[in-house]
Number of protein chains: 2
Amino acid sequence: MEMDVLAKLKGFLASAELPDDGRLPPERELAQSLDVGRAVLRKALATLQAEGTVWRHVGKGTFVGDRPIDTFADINAMVQRTNPLEVMGARIAFEPEVTRCAALNATGAQIAEIRNCMIKAQQAPTWRQYEQWDNRLHRTIGEASQNSLLLGLLDTLNAVRRAVTWGRLRQTPVRPPADHHSFAEHEQIVEAIADRDGAAAADAMRRHLRSVESHMRDMR
Amino acid sequence: MEMDVLAKLKGFLASAELPDDGRLPPERELAQSLDVGRAVLRKALATLQAEGTVWRHVGKGTFVGDRPIDTFADINAMVQRTNPLEVMGARIAFEPEVTRCAALNATGAQIAEIRNCMIKAQQAPTWRQYEQWDNRLHRTIGEASQNSLLLGLLDTLNAVRRAVTWGRLRQTPVRPPADHHSFAEHEQIVEAIADRDGAAAADAMRRHLRSVESHMRDMR
DNA sequence: TGCTTAAACCAATTCAATATTGGTGTGCCT
DNA sequence: AGGCACACCAATATTGAATTGGTTTAAGCA
């Protein structure tokens with residue numbers, strides 16, 4: 001039998017320069033290069049795969065290194081373990097710092113959109129639409145941080161929040177009152193971001209969320 | 001002028017059966033259906049969009065309902081969109097606040113375990129084991145926040161971090177030097193938590209992560 | 001028999017070309 | 001002015017062909 005296809009293969013891996021993603025040529029080409037049949041090459045590749053130095057997938061190819069993790073941040077698990085109080089705690093811990101980054105990195109267009117969301121929220125004729133614009137305001141602040149990972153975490157947080165807060169949508173009054181506490185707080189946040197004042201922005205967001213939290217308690 | 005294109009459009013929305021994703025026909029078709037020019041239709045659609053009953057995007061179409069935020073709880077998606085610099089930015093924004101919560105809420109047992117992780121990290125004979133204990137230290141701090149949602153977000157952040165930082169494992173020296181900068185920084189963090197001093201804990205963690213970040217830059 | 005090779009086929013995936021779609025401008029008409 | 005038809009653009013969707021790991025089959029060779 002072909003005595004050491006595996007050794008030959010390892011030699012190839014050592015010598016050949018692989019693209020930065022670690023992909024190595026398809027089986028058919030590689031078999032020709034190494035002057036081996038495909039079946040034998042596959043056996044060697046199988047052992048490499050078994051010992052973890054290589055991973056492969058139909059249609060994608062064969063790669064050296066570790067298989068990319070396919071773990072989802074299980075939002076359902078978080079939802080089951082947490083509660084509205086924790087959600088507010090997490091928001092109070094997290095969002096002010098996101099806001100600080102936003103104040104330092106937001107583009108002019110993003111500041112304009114944040115301000116637009118604020119105005120639309122103030123003018124919202126129903127609570128439904130108010131919350132829609134409020135959500136969008138907070139998320140645009142996340143985008144303005146210019147950090148896609150922070151944005152991803154914020155989205156996760158919001159997904160959990162929506163799942164936890166579900167069902168208890170406010171429908172008591174028809175529309176947010178003109179002196180709704182959030183309006184002034186939103187303005188302070190937007191002002192601080194527009195001023196590029198990170199500390200003030202973080203403080204304003206923290207005050208806003210604390211205010212939301214206390215009103216949540218009042219509602220029960 | 002066409003007096004009530006908007007009313008006609010709303011009538012269409014009410015009568016016509018939309019596909020379950022809420023997509024409505026493209027502008028050109030819709031204009032013909034309603035027997036209106038595209039420009040006027042666009043004006044009506046613009047108001048609908050402004051009042052939030054509709055969202056639109058180039059290439060996608062026009063949809064009724066809320067714009068779906070492209071929430072990526074998918075860690076792989078986060079990994080692909082982010083980079084090591086963003087990861088450090090997110091850690092610097094997020095972990096200090098988690099540490100603050102930990103200082104306020106940690107149990108005695110958790111403080112003891114955090115301290116234990118710190119000692120084990122100092123004594124680690126290899127970089128591999130050092131990072132293992134370092135990871136566990138940071139995660140125990142997350143547990144000590146007593147907020148399962150914060151912990152979940154921290155886990156997500158760490159999963160992304162591991163995936164992004166993968167492959168560039170340090171192997172230069174055999175073991176962390178005795179005067180490694182992290183050791184003193186870890187002690188400050190643990191002290192502040194043990195003192196129940198939230199602000200000091202957050203500051204210490206922030207200094208620690210900034211230090212890690214600067215050393216990362218030096219490595220290049 | 002026992003093992004390899006070559007070839008054909010399959011399903012998952014990628015890739016490139018094409019078609020749609022919202023956004024924008026221009027000229028023409030009333 | 002304002003409505004309309006038309007042409008263009010950039011972002012997105014869609015489609016079809018090519019690629020790739022996996023599997024089977026048959027032939028070749030010891």
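Proteins get letters first, then strands, A, B, ... in listed order; numbering begins at 1 in each.
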Task: Nucleotide C/dT21, atom P - distance to CD of B/E29 in whole Å - done: 6 Å
- [ ] Working to the nearest 0.5 Å, report the span between CD1 of A/I92 and NE2 of A/H208.
- [x] 10.5 Å
TODO: Nearest whole angstrom, please: distance from the P of D/dT20 to the CG of A/L45.
DONE: 14 Å
- [ ] Rounded off to whole Å, could you give me the CG-to-C1' distance for the A/L41 and C/dA7 pair?
- [x] 17 Å
- [ ] Provide, to the nearest angstrom, the distance between the CD atom belonging to A/E27 and the P atom belonging to C/dT13.
- [x] 16 Å
TODO: May I ask you to say whether A/E191 pairs ionically with A/R115, meaning some side-chain N is under 4.0 Å from a carboxylate O?
DONE: yes
TODO: Could you state the atom-to-atom distance from CG of B/D35 to C1' of D/dA5 in whole Å?
DONE: 14 Å
TODO: Take atom CG of B/L34 and atom P of D/dG3, then tell me their distance rounded to the nearest Å.
DONE: 15 Å
Task: Any A/K43 side-chain N or O less than 4.0 Å from OP1/OP2 of C/dT4 - done: yes
Open item on the list: Check A/R207 with A/E185, please: is the shortest side-chain N to carboxylate O separation under 4.0 Å?
Closed with: no
Task: Atom-pair distance (NZ on A/K8; C1' on C/dT4), nearest Å - done: 13 Å
Task: N-O pairing of A/R128 and B/D66 below 4.0 Å - done: yes
TODO: Return the orientation label for the A/H180 and A/W127 ring planes: parallel under 30°, perpendicular over 60°, tilted otherwise.
DONE: perpendicular
- [ ] Tell me whether the OP1 or OP2 atom of C/dG22 has a side-chain N or O from B/R42 closer than 4.0 Å.
- [x] no
Task: Side-chain heavy atoms of B/Q132 within contact of B/N135, under 4.5 Å - done: no
Sub-3.5 Å pairs of nitrogen or oxygen atoms, protein against nucleotides 8-19 of chain D:
residue	atom	partner	partner atom	Å
D/dT12	OP1	B/H57	NE2	3.0

Task: Presence of B/T62 side-chain N/O under 4.0 Å of C/dG22 phosphate oxygens OP1/OP2 - done: yes
- [ ] Would you kindly give the CZ-to-C1' distance between A/R56 and D/dG22, to the nearest whole Å?
- [x] 9 Å
Task: salt_bridge(A/R136, A/E113) N-O dist < 4.0 Å - done: yes
